[in-house]
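Report on the following structure.
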Amino acid sequence: MRKAISQSVLYQALVVPLIQLFVFVAISLVVIGSVVLILAALFNRPVAGGMTLLQFVIRTLPQVAIDGLVIGFLYAMIALGYTMVYGVLQFINFAHSEIFMVGAFIGVELMLALAIPSTAPLMLIMAGILLAVAGGMIGSGLLAVVVERVAYRPLRGAPRLVPLISAIGVSFFLQDAVRAIEGLLNNAFYRNYPSFPVLNQQIPLASFTVAGQPVQMQIQAKVIFIIIASLVMLSGLNFVVNATRLGRAIRAVAQDRPTAALMGVDVDRIIMLTFLIGGALGGATGVLFGVRVGRIDPYVGFIPGIKAFTAAVLGGIGNITGAMLGGIVLGVLEGFAGAYLSQFTGGAFGAEYKDIFAFAILILILMFRPTGLLGEMVGQRA
Amino acid sequence: MIGAKAKVWIERVQNGRSLYLVGVLAYILAALLLMNWLNRPGLRDAVWYPLVSALAFAAFLGSLLLIYYAPLAGLVKGILGLSILLVLLPFLGVRNTFLLEVATQVGIFAAMALGLNIVVGFAGLLDLGYVAFYAVGAYLWAIFGSHQANIAFGTNRFPLEPEWFFLFLFLAVGVAAFTGILLGLPVLRLRGDYLAIVTLAFGEVIRVIVNNLDKPINLTNGPQGIRPVQRPPLFFKPWLNALGIRLDDPTLYALYFYFLVLVVIGFAIWLARRLENSWVGRAWTAIREDELAAQAMGIPLVRMKLAAFATGASFAGAMGMIFAAKQYFINPESFTFMESIGVLVMVIVGGMGSIPGAIVGATVVTILNLQILKGLSLMLNKLRQAGVVIPILNFPLSQWPTQLEPAKYERLVFGILLILMMILRPQGIIPERRHRMELAEALGREEAPELERLPAEEELPPVIPAPEVKPARD
């Protein structure tokens, strides 16, 4: 009997979230993809390269979808950091984007220190990146704990705006602190992740013809790596939150802090661990982000940070599943916007406006469904 | 001047507070002498010059604060303050236009801080995209006061003549306020921290739009920015010439913008003070303290919040326009998130909700930014060129990384300021009374609940204890 229950807990904590995640991916891809296709069919006209708009969209859709998904996974992982802290403290950890950035820097320094030759075998490269991810997780997690201890804990109980302003201060401080450190060490404020030809190669997934159009689907090796790494981490987080004592304590603190304290939960410790977990996820994401984009600088966290916050709000802030959904939806939307905006508007508005797209979603969601896609009604807690 | 001095003398005798007056006058004189000494030609190349001149200027402006707090009669304070702002500072500024430039910039930021103070301090709505309204004002004049409008609308009517500047000043106020309402309508129902992020997003949206609106129609000329922007007319030049004062145009413009900003900021202070003590201001305070209770008392939440947003935005709009005309050139770089945070830092350093606080905050942060950090960089460069070696560490400064230059680290300074202010003194340098009590209560710190003694109170005659009312015998 006991064994059956524990098995079912494991099932609940590991398999269900993964199924959920795949359902989210499928739904957002199908819905957003078909909207784009319908729009393309409605406004069909010849575009550059001797194709019509519809042909262009069909040909590029799978590729754009994959790229969008990768961004979506990254957003989802950053969004988890926001949403967990919001869950336990009802506080927007504005410095989370800088925790992410610090993770990216720790990762790049580790990678450069390891100095893996660019022609090394794949397994060695993978091991190197995993080591960098682990380093980023440890560094960022500890940093998040320190930040909480120094800049947030003394302000607990103050009016809402006070810790938020402090968090903005931390965010600015960290940006320039990293810049100062990098300036001191390397006299440059950006760093480049080492590039590996093995990771950059395109792996063909499938090629087929839709409506007379040859469609090529290929995926970069490092993208596969990023997707697998994020899946592992997302399910690991789900396991921690849903199937361990710690997770139960976190959920208890999020639901009702005073009662949790009365039931014997050490609230300060739980809040600290929440920051540790959120920070570690952020740091890991930072390294993966760095591997994907190559060059990082101390201001690299700002825009992904706002977008991830948007994702958290989109899914329903405080809700872990919601953050994943929000991240995926936002990433896919942004991928489509970045790829097709310029073609759809005849070049009048290009991919530069994709940031606006995300912010517009934020404003619309907050106007019409402030609880997010999956959020339940949250009371107006002051 | 002689009349003013005579009046000062008379007041001094009447008040019996001559000691204070002598002290204040001595301070002003000392600051003046210091500034005068720093103007000597040979000193400019000295290593310490940028830093010392910055500190001297700050000390000079500090005399205004000293006057504000000194227990003197209102008239004396007014005369002293105005003589510094209207006579002494321009006089120093004509000899060193950089001072006028800094003073004008301080004024622009002070007016913006006053505006943001209405939104953040009075109404308790954290606005992280305040610079958007500044950009609206700046681009309004930059587009119509340059050839840009010709390119955008295909006419050759533009640029408008300088005289249009004043009409557009009112227009900028209106347009910025309207933008504030437009932004506020959808988002003001949100709770405080959501509002902060949405306003941040809005600020970024404005910047991205301005950055990319060189197509399909070229309205803002994209990242290249707009140049030249029309300046207001130098209508007083003939008058000065008639008086026998001949100055070159750049100095005249610097003086002009200084006085223009002074007028606008005077109006802004007056308006903020009137608003603070009006029913609108009290409604804002009520909303800030407890939204539900305020609503229950019949305060129209959305309308009041919109009013706060629009008022704050209008200050920024006017200042943006003056900034555009002063700078002669604007591009999207001037309207980043950094600027919003800069103004927020001013409000927070000075004290949320406090009008003198906003001005002091703006002065401190602007001088820190424009003079002290840049001065430190200059010093560092000079030391580096001179090949100075740090004594104990035996570290030659020539090897100091070029990336580590103080002027590039304003974010670091802002960040530290924000964190320290929030942890150590959330009520700011010059706290507003109600804010201080509220914060002390929330953080469980012991603070005597007695009211802050305002300087004006000290002029009252000592309170004679009221005769004890004897309990009626029954």
Side-chain angles (χ1 to χ4, degrees), chain A residues 90-92 94 150-151 154-155 157-177 179-180 182-189 298-299 302-303 306 309-310 313 317 345-350 352-353 355-356 358-360 362-364 366-367 370 380-382, chain B residues 120 124-126 128 183 186-187 189-198 200-202 204-205 208-209 211-212 215-217 288 290-292 337-338 341 344-345 348 352 400-405 408-424 426 438-439 442-444:
Chain A
Q90 280 81 48
F91 151 69
I92 297 173
F94 202 88
V150 173
L155 302 175
R160 290 182 81 103
L161 292 188
V162 171
L164 181 62
I165 292 168
S166 175
I168 296 172
V170 171
S171 159
F172 270 59
F173 170 78
L174 286 179
Q175 286 179 356
D176 262 3
R179 178 176 173 160
E182 286 294 328
L184 201 59
L185 296 179
N186 311 309
N187 200 14
F189 65 93
Y299 313 114
F302 180 63
I303 291 286
I306 307 181
F309 176 76
T310 306
V313 172
I317 196 153
T345 58
F349 301 101
E352 314 87 67
Y353 286 92
D355 290 353
I356 291 191
F359 299 142
L362 175 68
I363 294 174
L364 288 178
L366 285 174
M367 274 169 68
Q380 286 270 26
R381 282 194 236 175
Chain B
V120 178
L125 309 165
L126 186 55
L128 296 181
L183 165 70
V187 302
R189 277 178 301 159
L190 305 173
R191 261 194 339 236
D193 38 7
Y194 278 149
L195 182 72
I197 303 283
V198 171
L200 190 166
F202 177 72
E204 284 296 294
V205 166
V208 172
I209 288 179
N211 218 346
N212 290 303
K215 59 181 193 234
I217 46 168
R288 182 187 72 207
D290 190 337
E291 235 180 86
L292 278 181
F337 179 51
M338 261 306 287
I341 293 297
L344 182 70
V345 172
I348 283 170
M352 278 188 271
W400 187 265
T402 46
Q403 276 297 325
L404 272 189
E405 222 181 78
K408 288 180 181 166
Y409 286 87
E410 50 180 3
R411 283 161 188 263
L412 192 78
V413 177
F414 283 0
I416 292 174
L417 271 178
L418 281 179
I419 303 171
L420 286 185
M421 289 308 288
M422 283 301 109
I423 292 177
L424 302 177
E438 179 196 343
L439 281 163
L443 291 173

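So you know, we letter chains A, B, ... as the sequences are listed, proteins then strands, and number each from 1.
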Close side-chain approach of [X] and [Y], heavy atoms under 4.5 Å:
X        : Y        : value
B/Leu404 : B/Tyr409 : yes
A/Tyr299 : A/Asp176 : yes
A/Leu155 : B/Met422 : yes
A/Arg179 : B/Lys408 : yes
B/Leu200 : A/Phe359 : no

Which pairs with one or both residues in residues 412-421 of chain B pass side chain to side chain donor-acceptor pair (under 3.5 Å), sequence neighbours excluded? none
Contact winner vs chain B - [options], heavy-atom pairs under 4.5 Å:
options                      : result
A/Gly183, A/Ala151, A/Ser171 : A/Gly183
A/Ile306, A/Leu184, A/Ile363 : A/Leu184
A/Leu164, A/Leu185, A/Ile165 : A/Ile165

Measuring heavy-atom distances to chain A, does [X] have an atom under 4.5 Å in its side chain, in its backbone, in both, or in neither?
X        : answer
B/Ile217 : neither
B/Met352 : side chain
B/Leu128 : side chain
B/Leu417 : neither

Students often mix this up, so state it plainly: with edges at 30° and 60°, are the rings of B/Phe337 and A/Phe302 parallel, tilted or perpendicular? parallel
If I measure from the heavy atoms of chain B, does [X] come under 4.5 Å with its side chain, its backbone, both, or neither?
X        : answer
A/Ala188 : backbone
A/Ile303 : side chain
A/Leu362 : side chain

Looking at [options], which makes the most heavy-atom pairs under 4.5 Å with chain A?
options                                : value
B/Ile341, B/Ile209, B/Ile348, B/Val345 : B/Ile341
B/Asp290, B/Leu418, B/Val208           : B/Leu418
B/Pro186, B/Gly124, B/Ala196           : B/Pro186

In chain order, what residues pass the salt bridge (charged side-chain N to carboxylate O under 4.0 Å, His left out) check against B/Glu410, with sequence neighbours excluded? none
Between B/Gly415 and A/Phe172, the two heavy atoms sitting closest are CA-CB, 4.0 Å
